[in-house]
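Structure, as structure tokens:
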Amino acid sequence: MKFQRITAVKLLIACFMLVTVVFPLITMLVNLAGTDVAGIITSVQFRQALRHSLVSAAAGTVISIVIAYIFALCVARTNMPHRGVFSVLATVPMLIPSISHGFGLLILLGSNGILTRFFGWSGSVYGFGGIVIGAVLYAFPVAFLMLVDVLKYEDGSPYEAAAVLGIPRKNQFFSITFPYLRKPLISVVFATFTLIFTDYGIALMIGGRYMTLPVFMYQEVIGLLNFGKGSVVGAVLLIPAVIAFAFDLMNKDRGNQSFVVQTISKPENKSRDMAAMVYCVIICAAIALPIIVFAVISFVRKYPLDMRFSFDNVLKTMNLGAGRYLLNSLVISLGVSVLGTIVSYFTAYFTARTPGKSSKFLHLISITSLAIPGMVLGLSYVLFFKGSFIYGTIAILILVNTVHFMASPYLMAYNSLGKLNSNLEAVGLTLGISRRSIIKDVLIPQTKLTILEMFSYFFVNCMMTISAVSFLSTVRNKPISLMITQFEAQMLLESSAFVSLIILGCNLLMKTAVYLIDRKVKKSGEL
């Protein structure tokens with residue numbers, strides 16, 4: 001009977017994932033049937049947009065990874081002071097929408113930009129250069145977090161042996177470091193490239209005539225309601241994400257075949273530590289500039305004509321509906337955080353702690369959303385749910401964001417639950433303790449910090465997302481992040497800046513709350 005209940009719950013979760021992920025995606029691909037796919041792909045506009053996307057994504061990926069790798073080395077392999085502070089500062093750009101990075105560059109380096117006016121620079125930030133700079137600001141934190149995690153757990157024994165044998169540092173890099181980094185680095189490259197390739201916020205804000213594929217899709221679907229052409233572009237945008245997904249799936253158990261015998265020693269070297277600190281300060285200052293700009297522009301009368309301090313723009317932004325749309329965002333984010341955490345956690349429980357073919361299938365379908373860009377998911381929802389009772393409501397925004405961001409929190413729970421004693425349920429069954437009691441009294445208390453991180457992940461990403469929601473939102477349920485483009489199009493730059501600041505403030509509050517709760521839980525655990 002208990003086995004039947006487990007099977008029924010697994011079937012219910014599988015049905016949920018099929019309806020919210022697989023069927024919408026199939027609907028979008030089926031929509032290609034009546035479309036002149038060959039004509040669209042061979043058109044000059046499409047080929048140009050594809051070429052622009054590939055070139056800008058490749059350039060942004062290389063620069064992001066190089067900067068992130070050096071930053072990760074400074075944090076993980078030196079004794080410079082305040083390494084934890086630099087790590088936190090490096091991740092702050094992850095708390096604002098990608099479109100805000102483009103907007104920040106517009107204010108800094110645009111025709112009337114602050115730095116443009118101050119230095120008298122006559123160059124243009126619009127187009128390829130601006131997209132690449134914005135992509136680096138947007139993707140650098142992700143690349144850094146992945147690389148620093150890899151470097152943190154590298155075994156120091158081979159380096160000690162190499163030093164004893166007198167092998168030069170350059171040879172150590174090619175013989176020890178590079179082979180260790182090769183597979184993780186490929187994952188970082190795929191993840192960074194996919195992130196940049198599928199983003200439309202930066203290119204929409206600062207791309208000018210340099211149109212990329214996501215912007216092309218956005219204009220065709222939102223502007224012209226051309227769902228057939230949008231489906232073609234969506235299918236193309238799926239390709240790099242699917243390749244990255246397949247690579248990670250094939251190599252998930254091969255990355256760390258050894259364990260850490262000892263940490264890598266960091267001998268005292270003041271010159272190295274000083275150079276590392278200077279580098280980190282420069283990088284943190286560069287990524288903080290757009291955020292500082294939001295704070296400055298939000299509280300001036302009229303940029304760039306009247307730079308006197310004023311709250312006028314704050315009041316104007318709130319009068320134009322920012323308060324109502326902020327409430328929408330908070331409702332969506334909290335709804336997704338609650339629903340997403342519950343669905344992700346219990347899905348992870350069944351896949352991690354009830355072995356079998358059904359669990360493997362459920363695990364695979366649960367991480368499928370990793371391979372679906374937000375824009376593609378949004379369009380597939382339009383085609384699949386159009387005419388249904390939830391279409392046009394705030395419920396569909398909660399649903400699409402839950403599915404869009406589910407994979408990472410699910411993997412957090414899956415890894416945490418998989419590390420706990422696998423015999424708990426068997427022992428409980430012997431003692432007459434129900435599975436429900438084991439989950440409530442043992443597993444949830446043991447993984448409460450993971451649950452907290454899952455909740456935080458959903459909230460932060462929902463507050464700043466602009467991808468899937470741009471296809472599904474209406475005037476009534478629109479989240480506040482979509483007001484950035486609206487205000488920028490109306491030349492209300494100060495209002496756009498203030499909206500970006502609101503989103504950053506909400507996410508910082510959430511991160512601070514999580515940090516304080518985390519610290520309190522750990523302290524109470526020690527006592």
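Keep in mind that this is a model prediction, so the values were computed, not measured.
When the salt bridge (charged side-chain N to carboxylate O under 4.0 Å, His left out) test is applied to D518, the partners found at least two apart in sequence or on another chain are K522. Applying the side-chain hydrogen bond (donor to acceptor under 3.5 Å, both in side chains) criterion to S98, with sequence neighbours excluded, gives D199. For F128, the ring pair (Phe, Tyr, Trp, His ring centres under 6.0 Å) partners are Y210, not counting sequence neighbours. Take F498 and apply the ring pair (Phe, Tyr, Trp, His ring centres under 6.0 Å) test, not counting sequence neighbours, and it matches no residue.
For the residue pair T450 and Y345, no side-chain donor N or O sits within less than 3.5 Å of a side-chain acceptor on the partner.
In this structure a side-chain-to-backbone donor-acceptor pair under 3.5 Å is present from R77 to L151. In this structure a side-chain-to-backbone donor-acceptor pair under 3.5 Å is present from T351 to A348. Under the 3.5 Å distance criterion, the side-chain polar atoms of T91 are matched with a main-chain donor or acceptor of V88.
Applying the salt bridge (charged side-chain N to carboxylate O under 4.0 Å, His left out) test to residues at least two apart or on different chains, the pairs with a partner in residues 336-353 are R353-E425. The stretch residues 443-465 participates, sequence neighbours left out, in no ring pair (Phe, Tyr, Trp, His ring centres under 6.0 Å) pair at all.
Inter-residue side-chain proximity for R209 and Y126 is flagged as unmet; no heavy-atom pair is nearer than 4.5 Å.
Atom OG of residue S333 and atom CZ of residue F405 lie 9.0 Å apart, to the nearest 0.5 angstrom. Atoms CD1 and CG, from I503 and L95 in turn, are 11.0 Å apart once rounded to the nearest 0.5 Å. Atom NE2 in H101 sits 11.5 Å away from atom CZ in F140 (nearest 0.5 Å). Atom CD1 of I292 is separated from atom CG of L501 by 11.5 Å, given to the nearest 0.5 angstrom.
Shown here for A143 and I65, the closest heavy-atom pair between the two residues is CB-CG1, 4.4 Å. Nearest heavy atoms, P81 versus F86: O-CE1, 3.8 Å.
Using a 30° and 60° split on the angle between ring planes, F71 and Y279 fall in the tilted class, from 30° to 60°.
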Residue pair T212, V215: steps toward the side-chain contact (heavy atoms from CB on, under 4.5 Å) verdict
CA-CA 5 Å; T212 60; V215 174; 3.5 Å; yes
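Each of S496, S500, S481 was scored for a side chain to side chain donor-acceptor pair (under 3.5 Å) with S100, with one residue passing: S500.
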